[in-house]
*Asks:* 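What follows is a single structure, and I will ask about it in a moment.
In each ligand, atom 1 is the first atom listed, and ligand 1 is the first ligand listed.
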Amino acid sequence: MLHIVDHPFVRAKLTVLRDCTTPSSRFRECVREITCFIAAEALRGVELESCRIKTPLAETTGYRIAERIVFVPILRAGLGMLEAAESLVPGSPAGFIGLERDPVTKLPREYYCKLPEATPRSFAVLLDPMLATGNSLAAAADLLKRAGFHRIAAVTIISAPEGKKVFEARHPEIEIFTGCLDERLDENKYIVPGLGDAGDRIFGTVHR
Ligand code: URA
């Protein structure tokens, strides 16, 4: 299931990201800002445990995150979201998945995968700004499941209907949280209207 995080700040920040005149430094900053909103929604159902603490005035009950959140960016664009996601749950471990398109099959092929141990209380959150064809996100979820993660969510900034369909068919139980569901993919598999190549814009390489 795909959830659109329809917050006015998300809409305003999406506009900055889509604007082709936004410089790379601001783009990167804005990716971090919007990731906080979307990732916070993805973690809304996280389990808490209560604890007793003292304020300067009295003893009271507080809450701590009881699950072990593991953020997993898909290289390279997902890296731009990691710091912001991690700021929500400081000290959480991170895993990394690198996928590239096989020139013959055109399907994603793993070139790097480094994941922390999957413990019974682990909740893995995939980070990838663009859900385009859905093949990479679905392949990354396959890797997480193979590594023993059972509780998984995905955070994207913009999604395409084509990617939503592919991902939901392969991983119907994994919830996706996104900033917007755009119109379609173009012939090069870019999301329209989208924001161009997220990795290039985050890291200041080529502008589209
Ligand atoms: N990846 C991107 O960076 N942009 C798209 O539009 C699609 C995939």
*Asks:* Which residue supplies the protein heavy atom nearest to atom 6 (O) of ligand 1, what is that atom called, and how far is it?
*Replies:* Ile191 N, 2.7 Å
*Asks:* Just jot down the ligand 1 atoms closer than 4.0 angstrom to any heavy atom of Gly196, in number order.
*Replies:* 2 (C), 3 (O), 4 (N), 5 (C), 6 (O)
*Asks:* I'd like to check which ligand 1 atoms, numbered from 1 as shown, lie under 4.0 Å from a non-hydrogen atom of Lys189.
*Replies:* 7 (C)
*Asks:* By the definition side-chain contact (heavy atoms from CB on, under 4.5 Å), identify the one residue from Ile74, Asp197, Ile191 that meets it with Met130.
*Replies:* Ile191
*Asks:* Any idea which atoms of ligand 1 are less than 4.0 Å away from a heavy-atom of Met130?
*Replies:* 1 (N), 2 (C), 3 (O), 4 (N), 5 (C), 6 (O), 8 (C)
*Asks:* Using distance alone, with no hydrogens and no angle criterion, decide if Thr55 and Thr60 have a side-chain donor and acceptor under 3.5 Å apart.
*Replies:* no
*Asks:* Quick one: does any side-chain atom of Glu173 pair with a main-chain N or O of Arg151 as donor and acceptor, under 3.5 Å?
*Replies:* no
*Asks:* Should Glu59 and Lys54 count as an ion pair when the cut-off is N to O under 4.0 Å?
*Replies:* no
*Asks:* Of the side chain and backbone of Ala132, name the one, both, or neither that has a heavy atom under 4.0 Å from an atom of ligand 1.
*Replies:* side chain
*Asks:* Measure the distance from atom 3 (O) of ligand 1 to every protein heavy atom, then report the residue, atom name and distance (to 0.1 Å) of the closest one.
*Replies:* Ala198 N, 2.7 Å
*Asks:* Between His3 and Glu175, is any side-chain donor less than 3.5 angstrom from a side-chain acceptor?
*Replies:* yes
